[in-house]
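Below is one structure, written out as structure tokens; the observations come after it.
Order of the sequence lines fixes the chain letters, A, B, ..., with proteins taken first and strands second; residue numbering starts at 1 for each chain. Note that the coordinates shown come from a computational prediction; the quantities given were computed from them, not determined experimentally.
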2 protein chains.
Amino acid sequence: MRYSLKSRQKQTLDSALKRKGFRPTKQRSAVYEVILGKKDHPNAEEILLRVRRVLPTISLATVYNCLETLVDCGLVRQVNLDRSPSLFCPNLGPHAHFKCKKTGEIHDFDLDKATISSLESILPEGYSIERFDLSFIGTSNQGRQN
Amino acid sequence: MRYSLKSRQKQTLDSALKRKGFRPTKQRSAVYEVILGKKDHPNAEEILLRVRRVLPTISLATVYNCLETLVDCGLVRQVNLDRSPSLFCPNLGPHAHFKCKKTGEIHDFDLDKATISSLESILPEGYSIERFDLSFIGTSNQGRQN
DNA sequence: CTAGGTGCAAAAGGTTTGCGGTTAA
DNA sequence: TTAACCGCAAACCTTTTGCACCTAG
């Protein structure tokens, strides 16, 4: 590999920001790295804790602002299950979420083309879909899968 | 028809409340009627307005409390799309929601058994599903369908 | 240089809770 | 009679905003 994971991430981030007219800042970069760094579903508070290991003075408001920018750029996905705090997710492909009632763990399930088109065929003519959200709640006997 | 719509509703409500050990009150009854009365997706504020036509002194907190009770009894479904206020929905059968970006309208789409089982087959062994939520966001050229 | 971004604190918006009085069983 | 419930106001929690300072272009 010619370029490190981090430098490829940085390129992706910078070009996505530039495309939308946003400036690259170390805060945005740190928030983005933190989300990519672990394949889980942290909320803003948890992201704050992780980012502060690198930028100890960053504020929660800035984390929220950075997250909004990243979501706007399509670099990160915002996941809202019931009324709990928004979660942020680096998995950009089509997938469903499963939340375990007992452990609170959230697992992703990637969706194949056939499943997606059968989902989309639920809607009749005249409806154009920008985005869909599919989530399950229940219990699982699978461990955390990071 | 022997019994009026309202008296059947009242029976459903009372027996569901009793099953969970809740008392029947006129506030719960009014909130329930308001939600069944119009096949849309009102939020708590809107439900307050409608209920006040019948019980002018009911408070927003009581509306929230009644809604929690009704959801707990399985009489009404709580719908959370993005971060906007929770919506409440009398449609208890399996269905998906479509939200139109332009008009804010929400349409229900009932799901047939085949679609449901194909949805549920997304999850592997070891996952047991209590509930799922499927929602779409996009635009539609269909009018409001009440 | 200056528009955009940060950090802080305060506000906003939705929802829940504590409390004194009321009501269904 | 009394535990549950209501109405009100205050609290709560997540998220957004206003403002003075800072920084990338």
Side-chain angles (χ1 to χ4, degrees), chain A residues 10-11 13-34 41-49 51-52 54-73 75-88 104, chain B residues 10-11 13-32 34 41-49 51-73 75-88 104:
Chain A
K10 188 87 181 79
Q11 265 179 257
L13 173 63
D14 287 356
S15 71
L17 289 172
K18 175 170 275 179
R19 198 180 316 128
K20 288 267 187 171
F22 294 116
R23 286 196 206 152
T25 68
K26 57 184 184 230
Q27 288 83 355
R28 286 170 179 164
S29 178
V31 169
Y32 185 54
E33 278 174 28
V34 152
H41 298 78
N43 62 25
E45 201 96 36
E46 174 62 27
I47 292 168
L48 177 68
L49 292 178
V51 172
R52 280 199 163 157
V54 173
L55 296 176
T57 67
I58 196 172
S59 69
L60 182 57
T62 295
V63 169
Y64 272 109
N65 290 334
C66 291
L67 288 169
E68 187 184 354
T69 305
L70 296 175
V71 170
D72 189 9
C73 292
L75 294 165
V76 150
R77 195 177 298 179
Q78 183 167 0
V79 179
N80 295 115
L81 304 173
D82 52 71
R83 289 258 111 206
S84 50
S86 289
L87 307 178
F88 296 87
Chain B
K10 187 88 182 76
Q11 264 179 257
L13 173 62
D14 287 356
S15 71
L17 289 171
K18 175 170 276 181
R19 199 179 317 128
K20 288 269 188 172
F22 294 117
R23 295 215 291 234
T25 68
K26 57 185 184 233
Q27 289 83 356
R28 284 170 181 165
S29 178
V31 169
Y32 185 53
V34 151
H41 298 78
N43 62 25
E45 202 96 36
E46 174 62 28
I47 291 167
L48 177 68
L49 291 178
V51 172
R52 281 200 163 157
R53 303 205 275 254
V54 173
L55 296 176
T57 67
I58 196 173
S59 70
L60 182 57
T62 295
V63 169
Y64 272 109
N65 290 333
C66 292
L67 289 169
E68 187 183 354
T69 304
L70 296 176
V71 170
D72 190 9
C73 292
L75 294 164
V76 150
R77 196 175 297 178
Q78 181 167 1
V79 179
N80 295 114
L81 304 172
D82 52 71
R83 289 259 110 205
S84 50
S86 289
L87 307 179
F88 296 87

State which residue, out of A/Gln11, A/Lys10, A/Lys18, fulfils the side chain to side chain donor-acceptor pair (under 3.5 Å) condition with A/Asp14. A/Lys10
Atom-pair distance (OH on B/Tyr64; P on D/dA9), nearest Å: 17 Å
Classify the side chain of A/Arg23 and the base of C/dA3 as holding, or not holding, a donor-acceptor pair under 3.5 Å. yes
According to a strict under-4.0 Å criterion, is B/Gln27 in side-chain N/O contact with OP1 or OP2 of D/dG7? yes
Which nucleotide, C/dT16, C/dG14, C/dG5, lies nearest any side-chain atom of A/Phe22? C/dG5
Report yes if at least one side-chain N or O of A/Arg83 is closer than 4.0 Å to OP1 or OP2 of C/dT15; otherwise report no. yes
Gap between atoms NZ and C1', on A/Lys20 and C/dG4 respectively (whole Å): 17 Å
Both B/Glu45 and B/Lys26 contact DNA chain C. Taking the nearest nucleotide for each, which residue is further toward the 5' end? B/Glu45
Counting any heavy atom closer than 4.0 Å, what does A/Asn43 reach on the DNA or RNA strands: base, sugar-phosphate only, or nothing? nothing
In this structure, how many angstroms lie between the C1' atom of D/dT14 and the CG atom of A/Asn65, rounded? 14 Å
By the 4.0 Å heavy-atom rule, please label A/Leu60 as base, sugar-phosphate, or nothing. base
By nearest heavy atom, map B/Thr62 and A/Phe88 onto DNA chain D; which one lands nearer the 5' end? B/Thr62
Is any side-chain heavy atom of A/Gln78 closer than 4.5 Å to one of A/Leu67? no
I need the minimum non-hydrogen distance between A/Ala30 and A/Leu55, along with the two atoms involved. CB-CD1, 3.7 Å
5'-most by nearest nucleotide on DNA chain C - B/Pro24 or B/Gln78: B/Gln78
Can you tell me the distance, in whole Å, between the CG atom of B/Leu55 and the C1' atom of C/dT23? 14 Å
Rounded to the nearest Å, what distance is computed from the CG atom of residue B/Leu48 to the P atom of nucleotide D/dG7? 10 Å
Using every non-hydrogen atom in the two residues, find where A/Ser29 and A/Leu13 come nearest and quote the distance to one decimal. CA-CD2, 3.5 Å
Looking only at heavy atoms, which two atoms of A/Val63 and A/Ala44 are closest? And how far apart? CG1-O, 3.8 Å
Is B/Arg28 close to B/Val31 at the side-chain level, that is, under 4.5 Å between some pair of heavy atoms? no
Taking the minimum atom-to-atom distance to the side chain of B/Ser86, which one of D/dC6, C/dT15, D/dT15 wins? C/dT15
Select base, sugar-phosphate, or nothing to describe what B/Thr25 touches, counting heavy atoms under 4.0 Å on all strands. sugar-phosphate
Rounded to whole angstrom units, what separation is found between the CG atom of A/Leu17 and the C1' atom of D/dT23? 15 Å
Take atom CD of B/Glu68 and atom P of C/dG14, then tell me their distance rounded to the nearest Å. 18 Å
What does B/Thr57 touch in the nucleic acid at a heavy-atom separation under 4.0 angstrom: a base, only the sugar-phosphate, or nothing? sugar-phosphate
Measure from CZ on B/Arg28 to P on C/dT23 and round the result to the nearest Å. 15 Å
Using the side-chain heavy atoms of A/Ile58, tell me which of these nucleotides is nearest: C/dT6, D/dC6, C/dG7. C/dG7
At less than 4.0 Å, is any side-chain N or O atom of B/Ser59 found next to OP1 or OP2 of D/dC6? Yes or no. no
